[in-house]
Amino acid sequence: MTFRPVSAETGRGYGTQVLAPRELGAPVNRVVAELAADTPSDADAEVVADVRGRSAGGAWTEWIPADQGPAVLPRAVTTVQARITLWDTTGKARVTGLRLTAGKGAAPRASAGATAFSARVFATREGLVGGTTANGHVIKPNDHFVALPSRRGLSPNGSSQYSVQVCGPARCETAPVWDVGPWNTKDDYWNPSPTREMFKDLPQGRPEAQAAYENGYNGGKDGSGRTVLNPAGIDLADGTFYNVGLNDNGWVTVTYLWTGDQTGKSFPTWGTDVRIRQQATTASPEVARLPGPTTVNVKCQVHGQRITVDGITNDGWSYLPAYGGYISNIFIDVVEAWLPGVPNC
């Protein structure tokens, strides 16, 4: 326990372990975690288990707490993965075992819409160069990532499995979620109120810190009892902060890219400043831009304008429901020009 989620400034020893994914023989949507841990009465410690799932080739669901009752996943999955998170300032806590039981229960809650959820929230600059984020990343100067106040959308270190598009005064940037904070650690405000982990009486898209700061919600305090000094719902690493055009803390529009239609297949991308178009042609209006390599969910593909980039020619375009537009298959980082296992639109 040598680090903590720096953005949340919890001051507590912190660590996570993402376990290897397990392939299942049949689709499931309910997972129960039996977590065995030794936390002495004099230890300031907490141990929790979260799970997530995906179908073959698809995107991961959010992490859902599973050790206090069944985790109900938003769709049926065939691969399940667990994550153990431990807070411990004393070094006395020990995890001795984890057993997962998966099955098919009642129908999952309603799936997300085709377009990923967006909200206008207050952004602060994380800074904290040299600190370690909630997923173990050591913060570098001019870094590019964000912090959100919930573990549910936390990417494993080095991955962009959970990313957001941040649009500021100058431009938009797609960045991975690598830290937890600011203020809260269980405030997944991008989810509908009934499925929110805490603060279920707040509307979707309103961070608890904003409600506390502006309206005195929860006595003006965050979930840890600290007086909220700004309405922040996202922290931006320095590179992201300045790239979107902020010189001081301010309001940005954030799209939580994993919340849209995730029924397609997940693929990596390559290239910088890759444009996503309203239609499958470069003459169509730009709807978003990928500043660097990331992971995207592809629902379907079409034959559109034939273009050439870096000596590669292709007329295939993939529809990305999270962005509401098309990307040339040239920028999908696979060998095939026509993506395998992806239907025609």
- Is it true that V274 and F267 fall in one hydrophobic cluster, defined by side-chain heavy atoms closer than 4.5 Å? yes

- Residues I84, T16; criterion side-chain contact (heavy atoms from CB on, under 4.5 Å); working and verdict: CA-CA 6 Å; I84 298 172; T16 62; over 6 Å; no

- Message: Under 3.5 Å, is there a donor on one side chain and an acceptor on the other for E62 and W190?
- Response: yes

- Task: Go through the steps to decide whether V309 and F331 satisfy the test side-chain contact (heavy atoms from CB on, under 4.5 Å), and finish with yes or no.
- Result: CA-CA 9 Å; V309 178; F331 297 104; 3.9 Å; yes

- Query: Should we count CZ of F122 as having more than 12 external heavy atoms under 6.0 Å?
  - Reply: yes

- Item | Step-by-step side chain to side chain donor-acceptor pair (under 3.5 Å) determination, D143 to H137 | CA-CA 10 Å; D143 222 336; H137 170 73; 2.6 Å; yes

- Item | Carboxylate-amine/guanidinium proximity below 4.0 Å for E208 and K186 | no

- Can you list the steps and then say if S318 with Q301 is a side chain to side chain donor-acceptor pair (under 3.5 Å)? CA-CA 4 Å; S318 293; Q301 57 189 333; 4.5 Å; no

- Given D201 and Y217, is the side chain to side chain donor-acceptor pair (under 3.5 Å) satisfied, shown in steps? CA-CA 10 Å; D201 54 337; Y217 179 87; 2.6 Å; yes

- Give a yes-or-no answer on whether the side chains of S284 and Q278 include a donor-acceptor pair shorter than 3.5 Å. no

- Item | Option from D235, T124, D179 for which side chain to side chain donor-acceptor pair (under 3.5 Å) with S7 holds | D235

- Message: Does either side chain, that of R151 or that of N135, offer a donor lying less than 3.5 Å from an acceptor on the other one?
- Response: no

- Task: Go through N215 and R206 one step at a time and tell me if the side-chain contact (heavy atoms from CB on, under 4.5 Å) criterion holds.
- Result: CA-CA 12 Å; N215 306 108; R206 187 168 180 81; 2.3 Å; yes

- Item | Polar side-chain atom of T85 near backbone of V47 as donor-acceptor pair, under 3.5 Å | no

- Is there a donor in the side chain of R52 and an acceptor in the side chain of Q161, or the other way round, less than 3.5 Å apart? yes

- Do R152 and W63 meet the cation-pi criteria used here (NZ or CZ under 6.0 Å from the six-membered ring centre, within 45° of the axis)? no

- So, T281 versus Q305: side-chain donor-acceptor pair below 3.5 Å or not? yes

- Item | Over 12 non-hydrogen atoms of neighbours within 6.0 angstrom of CZ in R22 | no

- N-O pairing of D187 and R196 below 4.0 Å: yes

- Query: Between S193 and Q204, does any side-chain donor sit less than 3.5 Å from a side-chain acceptor?
  - Reply: no

- In sequence, state the C-alpha distance, the side-chain angles, and the governing distance for V146 and V166, and then conclude on side-chain contact (heavy atoms from CB on, under 4.5 Å). CA-CA 9 Å; V146 306; V166 184; 4.2 Å; yes

- Charged tip of R277 within 45° of W317 ring normal and under 6.0 Å: no

- Message: Taking N243's backbone N and O only, do any of them form a donor-acceptor pair with R171's side chain (distance below 3.5 Å, no angle check)?
- Response: yes

- Task: Quick one: do Y162 and W258 satisfy ring-ring contact (aromatic ring centres under 6.0 Å, His included)? Show the steps, please.
- Result: CA-CA 6 Å; Y162 304 99; W258 65 92; 5.7 Å; yes

- Message: Test your reading of the model: is there a side-chain donor-acceptor pair from N184 to the backbone of G223, 3.5 Å cut-off?
- Response: yes

- Query: Does the side chain of D333 come under 3.5 Å of the side chain of T269 through a donor N or O and an acceptor N or O?
  - Reply: no

- Message: Below 30° counts as parallel, above 60° as perpendicular, anything between as tilted: where do the rings of W178 and F145 land?
- Response: parallel

